[in-house]
There are 4 protein chains.
Amino acid sequence: MVDATQRRSSGGRPRDPGADVAILEAARGLLGEFGYDRLTIEGVAERAGVAKTTIYRRFPSKVELVTAAIDELRPPGLFPDTGSLASDLDAFLAAAEQGLRDPLAMRIIAALFGSIGQDDGLFDTYWRGYVEPRRASFRELFTRAQARGELRDDLDLEQFIDLVGGVVMYQAVRPSDRPVASRVRDGLEFVWAGVTPDGRSPFADATSDRMTRT
Amino acid sequence: MVDATQRRSSGGRPRDPGADVAILEAARGLLGEFGYDRLTIEGVAERAGVAKTTIYRRFPSKVELVTAAIDELRPPGLFPDTGSLASDLDAFLAAAEQGLRDPLAMRIIAALFGSIGQDDGLFDTYWRGYVEPRRASFRELFTRAQARGELRDDLDLEQFIDLVGGVVMYQAVRPSDRPVASRVRDGLEFVWAGVTPDGRSPFADATSDRMTRT
Amino acid sequence: MVDATQRRSSGGRPRDPGADVAILEAARGLLGEFGYDRLTIEGVAERAGVAKTTIYRRFPSKVELVTAAIDELRPPGLFPDTGSLASDLDAFLAAAEQGLRDPLAMRIIAALFGSIGQDDGLFDTYWRGYVEPRRASFRELFTRAQARGELRDDLDLEQFIDLVGGVVMYQAVRPSDRPVASRVRDGLEFVWAGVTPDGRSPFADATSDRMTRT
Amino acid sequence: MVDATQRRSSGGRPRDPGADVAILEAARGLLGEFGYDRLTIEGVAERAGVAKTTIYRRFPSKVELVTAAIDELRPPGLFPDTGSLASDLDAFLAAAEQGLRDPLAMRIIAALFGSIGQDDGLFDTYWRGYVEPRRASFRELFTRAQARGELRDDLDLEQFIDLVGGVVMYQAVRPSDRPVASRVRDGLEFVWAGVTPDGRSPFADATSDRMTRT
DNA sequence: TGCTAATCGAGACGGTACGTCAAGTCTTAAG
DNA sequence: CTTAAGACTTGACGTACCGTCTCGATTAGCA
């Protein structure tokens, strides 16, 4: 999607593909370690074992560099069909729990939201490159569930994805001692009554006391 | 909560209280205009008509300065009782719609989330100083509703606040042409079935076709 | 003298002679416009319509390039015999006046002396390539004059050339409103008493008040 | 004359005078070692033990820095009266011989002439700050000689200074195995016939074979 | 005619230094 | 002891050229 590495077709020494890899890898590493603000181009150059100019030749700015670095993280196909909404969600939650332990993921979310309101297009790129693919995975997951009859037929999936996304994001971000996955599950319990045909939670072991937990 | 203005009691020239005001005002203005990254202490000093030293004596770092500047925005008492959950929420949504048009609000959210994973305590401060007061307002609002019988008695309010907060935040942040308030309302419609005693939306004019909108 | 254009004898595509010309011409042009310091190889390449490699293949460094560029300016045979020392000198002074108006000449002198004390051999090359040929012309001119009896027989021509060269150089370089030629002539007036057989100026129209001018 | 160290009168931390000294000293050292071209501001900063910005605060450009550095070399009072033109000149020649052994002197001359034709005012500054004071010393020396009757009364001193200056400069610059002082003396021998009342060299031990040396 | 070998253009590469900006600290005189 | 003013160190910025290097495409002369 973002391909800052593009260049004119003919003539000249070809770009070192190893440099591309090294740069983006270094950028991701430093982003995970220090966060967007304290990531420096010179630091990336040093870690990648590359001259600063080699970076600037590919990425005109820090924003574009980080964008491209993150862009590669886009997962190919999340959420394989496990047979039921409940198990699909369980799989997702386990993966999310795992993924959010990676400091890089938090940094990316930080960089993503830190760019709100900036005019540099970083936020849009992030949204398209990072959020949208994950929404697409949810879309697939929920479409399957709808086909199975686990979700109401008249459910507006986009709005529902917004809702689930909000729950996940908020729980990912909010300080808490409990694991994210568990909190997300608790949060979604409120919703099933409105979205499932029978108003029941799809989770077999759903805590019956879900309304009273703290 | 944050009171960087504290100082030793006696002797010498007293601090200029006007300086405090001017500094924080300038900081807020520049934060709204440029965002956290591009806000500079020197810029704040110039706009406040104050020497850099005067800022550093009060706030040891940029983080603390911005924290204090945002801290003053804490609203005294949001969400007055309008008599019903529906009208309380309508009032909130109208205010939110209004508030999110202010670029400063978006910058603050950006700064808030941009500090996730940083070790400088900025995020915690933000959460305590900015998010928690709003959660408290919701808590008050929903407690009233519960007392009125508009929400189920056994509802865990903290989890419910998480849910509502997630919806609001996600919609505030996601790119869309529709107004935030309307999207938040649509999002909450999914939830009422699970949280209200009769499973009905508290909104009188609730769109019956809420499940089919795009 | 300097022939950086030399190459191995056989095989392969022959060098483009047009490139040699274009490079040296561009170098001279840029030297005249910007001076040695601000002349860049990339600038020469661009103006010559030639790749940087093509320059480096011929001239291993900026010094050698500029040297070669200047080298071509060596005049074939200055100072034709006009019949007398006075008219020979008048012809020389007129030519010098003309030549020193060319900014390139001043840049070359600047580059020449700017390289004093450098260990890159630039100064020696300049001296041999630029100064020596001019000294040779003087030598010829003064030898003729000596033969004609216009200069003392026992005059050490090398020392005399040093003297005249010093006068010319100093006047060429020193800030003044009067034309160089006139100042050089005035300067040489002091000398005739010591070098001519009759102690008189060779110039017919020599100002008798030469000792009092300002 | 050049006083880049000037600043507004009141308020703020005063400039560190030690820094001024260290910077100019470092600049002179590096100028002597490497010459103008290869002198870098970063090198000066490092040797002076000072931050780059501290240099740029004082001197907006390399030219101004070097100018100021050289400016301090202006000698207070050259050429004390030794009683006669011959001994005055001997003293000068000895000093010149000494001075021109200092690589810094050659570098300065190189920088001086290297700046000819540049539009940065460097040359003018050099001329005023470096050449003019030395011309003034000559003026004084020759005025004394004229008063003593060692030079003709009607001699135009400015033109004579030009002449002597030219001889000195040319001999200082030209490649040769013989010492500068000796060559300058030989060169001036040509001149005495035209400028002394009796046409004789002021030097007691003047080589009678001065016209035949090589 | 096809092979060989150097040239050409284009431009990437690791570097060095540039001149600027801001951060956060320090120093002074004035209040 | 605070304040305004501003110098100071530090570190990164993004740019310009350096001189070297790798390409693919020419362009001879030799086989």
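Hydrogens, waters and symmetry mates play no part in the numbers below; they use all other heavy atoms, side chains included. Below, chain A is the first sequence line, B the second, and so on; all start at residue 1.
Evaluation of atom-type donor-acceptor distances gives a pair under 3.5 Å for the side chain of B:Thr53 against the base of F:dA5. With hydrogens and angles ignored, a donor-acceptor pair closer than 3.5 Å exists between the side chain of D:Lys52 and the base of E:dG19.
Distance A:Phe59 CZ to E:dA12 C1': 14 Å, rounded to the nearest Å. Put simply, NZ on C:Lys62 is 15 Å from P on F:dT20, counting in whole angstrom units. In this structure, B:Glu46 places its CD atom 13 Å from P of E:dC21, rounding to the nearest Å. Remark: C1' of E:dG15 and CG of A:Asp16 are 16 Å apart, rounded to the nearest angstrom. F:dC13 atom C1' lies 13 Å from atom OH of A:Tyr36, rounded to whole Å. F:dC18 atom C1' lies 14 Å from atom CG of D:Asp37, rounded to whole Å. If you measure from atom CD of A:Glu42 to atom P of F:dG14, you get 10 Å, rounded to the nearest angstrom. Per the geometry, OH belonging to C:Tyr56 stands 15 Å off P belonging to E:dG9, to the nearest Å.
At a threshold of 4.5 Å between non-hydrogen side-chain atoms, the residues A:Ile70 and A:Leu31 count as touching. Side chains of C:Tyr36 and C:Val63 form a contact here, defined as non-hydrogen atoms less than 4.5 Å apart. Side-chain contact check for C:Lys62 versus C:Leu65: every heavy-atom pair is 4.5 Å or farther apart. The closest side-chain heavy-atom distance from C:Tyr56 to C:Ile41 is below 4.5 Å. Residues C:Val66 and C:Tyr126 meet the side-chain proximity criterion, which asks for heavy atoms closer than 4.5 Å.
Positionally, the nearest nucleotide of DNA chain F for A:Leu39 lies more toward the 5' end than for the other of A:Leu39 and C:Ser61. Nearer to the 5' terminus of DNA chain E, by closest-nucleotide assignment, is the contact made by A:Ala51 (compared with the other of A:Ala51 and D:Gly43). Nearest-nucleotide assignment on DNA chain F puts the 5′-proximal partner with B:Val50, out of D:Val50 and B:Val50.
Close to F:dC21, at under 4.0 Å from its OP1 or OP2, lies no side-chain N or O of A:Arg13. Checking the phosphate oxygens (OP1, OP2) of E:dA22, no side-chain nitrogen or oxygen of B:Thr40 falls inside 4.0 Å. Within the 4.0 Å cut-off from OP1 or OP2 of E:dG14, at least one side-chain nitrogen or oxygen of A:Thr54 is found. Side-chain N/O atoms of B:Arg15 include none lying less than 4.0 angstrom from OP1 or OP2 on F:dA4. One finds a side-chain N or O of A:Arg58 lying less than 4.0 angstrom from the OP1 or OP2 phosphate oxygen of E:dC13.
Residue contacts shown for B:Gly18 are absent, as no nucleic acid heavy atom lies under 4.0 Å away. No engagement by D:Ile55 is indicated, since no non-hydrogen atom pair under 4.0 Å with the nucleic acid exists.
Across E:dC18, E:dG24, E:dG9, the shortest atom-to-atom separation from the side chain of B:Ile41 is found for E:dG24. Closest to the side chain of A:Arg57, out of E:dC13, F:dC8, E:dC8, is E:dC13.
For the side chain to side chain donor-acceptor pair (under 3.5 Å) with D:Arg47, the lone residue among D:Glu33, D:Glu25, D:Glu42 that qualifies is D:Glu33.
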